[in-house]
Amino acid sequence: MDSSPTIEVAFGRELEVRRVTVLFGAFGSGKSEIALNLANRLREQGQDTALVDADYYKPLFRSGSLRIPLEKRGIRVILPPGELAGADMAALPAEIYGVLEGGPKVVFDVGGETGARVLGALAGRFRPGAHDALLVVNTRRPDAGTVEAVVAAAQRAQAVSRLPVSGLVSNTNLGPVSTIDVAREGYALVAEAAGRLGVPVKFVALDERLLDKLSPEDFPVPVLPVRRFLLPPWEQEEE
Amino acid sequence: MAEQILMKGNEAIAEAAIRAGCRFFAGYPITPQNEIPEYMAKRLFEVGGTFIQAESEVSAINMVYGAAGAGTRAMTSSSSPGISLKQEGISYMAGAELPALVVNMVRAGPGLGGIQPAQGDYFQATKGGGHGDYRLLVFVPASVQETIDLAGQAFELAERYRNPVMILGDAVLGQMMEPVVLPEPADLAKIPQKTWATTGTGGTRRPNVINSLYLDAELCEKHNYKLQEKYRQMAEREVRYEEIGLDDAEIVLTAYGTSARVAISAMKRARSEGIKVGMIRPITAWPFPYEPFRKTSERVKAFLDIEMSAGQMIEDVRLAVQDRAPIFFFNRMGGMVPTPKAVLEEIRRIDHSVKGDKLGGRLGV
């Protein structure tokens, strides 16, 4: 199986994806959707892929709720066993330790803010250079609208997870009414925060419905097209 | 227009309450509403308010009783089992005529049930979950923006009637994110003075007493008559609902909250198939909007009530419609949410049966 260090994203650009990608950040910043899209794209491009849903904080809109379709696509989904998969308590399945040791490309979805505390239990298991810990930021969310707020969020994420932030993901959007301008305005702010933190903006996540309006000059970093998987019940097309 | 942001229902309620002047929150954690106390813990501090994580739901509601008695805009939130624990305090507040906002982000029951969305607390919210003859003004919003708008008005109405107001949501409403515009923060100086509040006499007046105990039965009855008169006024003035596509409707859907969103989605699909479907969406569960049902029941062929419960609101629908039209029922329970497709199939079935005339009024619940 392909284990290329990169995947292809918008405009044929290469995005570096390390063996383990941890996505953290405030709740509602878009970690789960990005985790699902990253895992899908890795798998589509022939890579051995595992998704860890370690967001034990929210009861709904969890990446692990799509276990069956993900597994059909050949993505390994790591969740607490049985009924505990839907529980609001941190029950870390032993498999997590296995995939952190070696093997597939791992996308690690953790809960917002204090939810990232589960990572503390894994501190020391992340191998230097083999993982990315990416802070997902949507500047159109409460308490994320200024450079200072983003820097503070990164510092809080590092403190609770004991994992240094290695990059930012700019995911600024307004859901169904979003535009490229909204994404660009968010990127400018995220880039400034990244500069202060001394880390790169790893990529921009952009609603795939906006791709036809996107030009290669809009963002200097790779753009990951994002399809919404975690829809409210009335937008779902059927079991 | 103010800037749009993307908010979860839970944090939207919290922010809207603060902007409406809420300065006291006491609560105890429970999924699926934890974002409310989490948000309050962070934000109330910034505006000079008080957040208390209480040792239990019972103490939280009694702290709200105290804060409201002192004239502060106060609030608590929980989810089903926690709201059951608060019922004694809610009854005391209704008895003592204290304004406050109580949020219930409903999860599956009975008992501990589950952490997924449900609507099984309608009876508890609207028919008196605690003891005695009292009512709450109960809002049942169906979007994050509507939640913000209603939370914003909740304190004003609670104070106007000196009565607790409840927002009855569910796990989906609390967890989902939608683009919203927040209102400007209320001017606290313009909030009407509460001459009844226990804020200290300053030696200039007799002490205000806040109490729900009346040992003299005659006085207690008088107090009850006064409360009932207040509820009558609320029922007269505060009914809210939305009517959608009723002009030519033959089948009228009714649902609130998350079920209403599913119903609207099914209604649009049915309309595209040529089935004349309309909808009555209650925005207040108490007072219930009996009138639009009464009015439409004279001319429509059937009603379809959709709930995430065994059938609770349907009792109010029956009171309004009586035997003037058949009332069908579609539900899911235990944390399951109806799908638009399943509701659409139900609409098609009803459409066939009402057009096949001979089944007429015998069908339905």
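Worth saying up front: this structure is predicted, and the values here are computed from it rather than measured.
The contact between M177(B) and chain A is made entirely by side chain atoms (from C-beta outward), counting heavy-atom distances below 4.5 Å. For a residue to count as touching a neighbouring chain, one of its non-hydrogen atoms must lie under 4.5 Å from one of that chain's; by this rule V337(B) touches chain A with the side chain only. Looking at Q175(B), the atoms closer than 4.5 Å to chain A (heavy atoms on both sides) sit in the backbone and in the side chain alike.
Taking 4.0 Å as the cut-off between side-chain N and carboxylate O, K86(B) and E57(B) do not count as a salt-bridged pair. By the 4.0 Å N-to-carboxylate-O rule, E15(B) lies close enough to R43(B) to be salt-bridged with it. A salt bridge links R184(A) with D218(A): the distance from a Lys NZ or Arg NE/NH1/NH2 to an Asp or Glu carboxylate oxygen falls below 4.0 Å. Using a 4.0 Å cut-off between charged side-chain N and carboxylate O, R227(A) and E33(A) make no salt bridge.
Residue K268(B) places its NZ atom among 12 or fewer non-hydrogen atoms of other residues, nucleotides or ligands, all under 6.0 Å distant.
In terms of heavy-atom proximity, T258(B) sits nearest to L173(B) at OG1-N, 4.0 Å.
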Handout entry: Stepwise ring-ring contact (aromatic ring centres under 6.0 Å, His included) test for Y122(B) and Y256(B)
Key = CA-CA 10 Å; Y122(B) 180 93; Y256(B) 69 94; 5.7 Å; yes
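Contacts of residues 138-167 of chain A with chain B at a heavy-atom distance below 4.5 Å involve N138(A), R140(A), R141(A), P142(A), D143(A), listed in sequence order.
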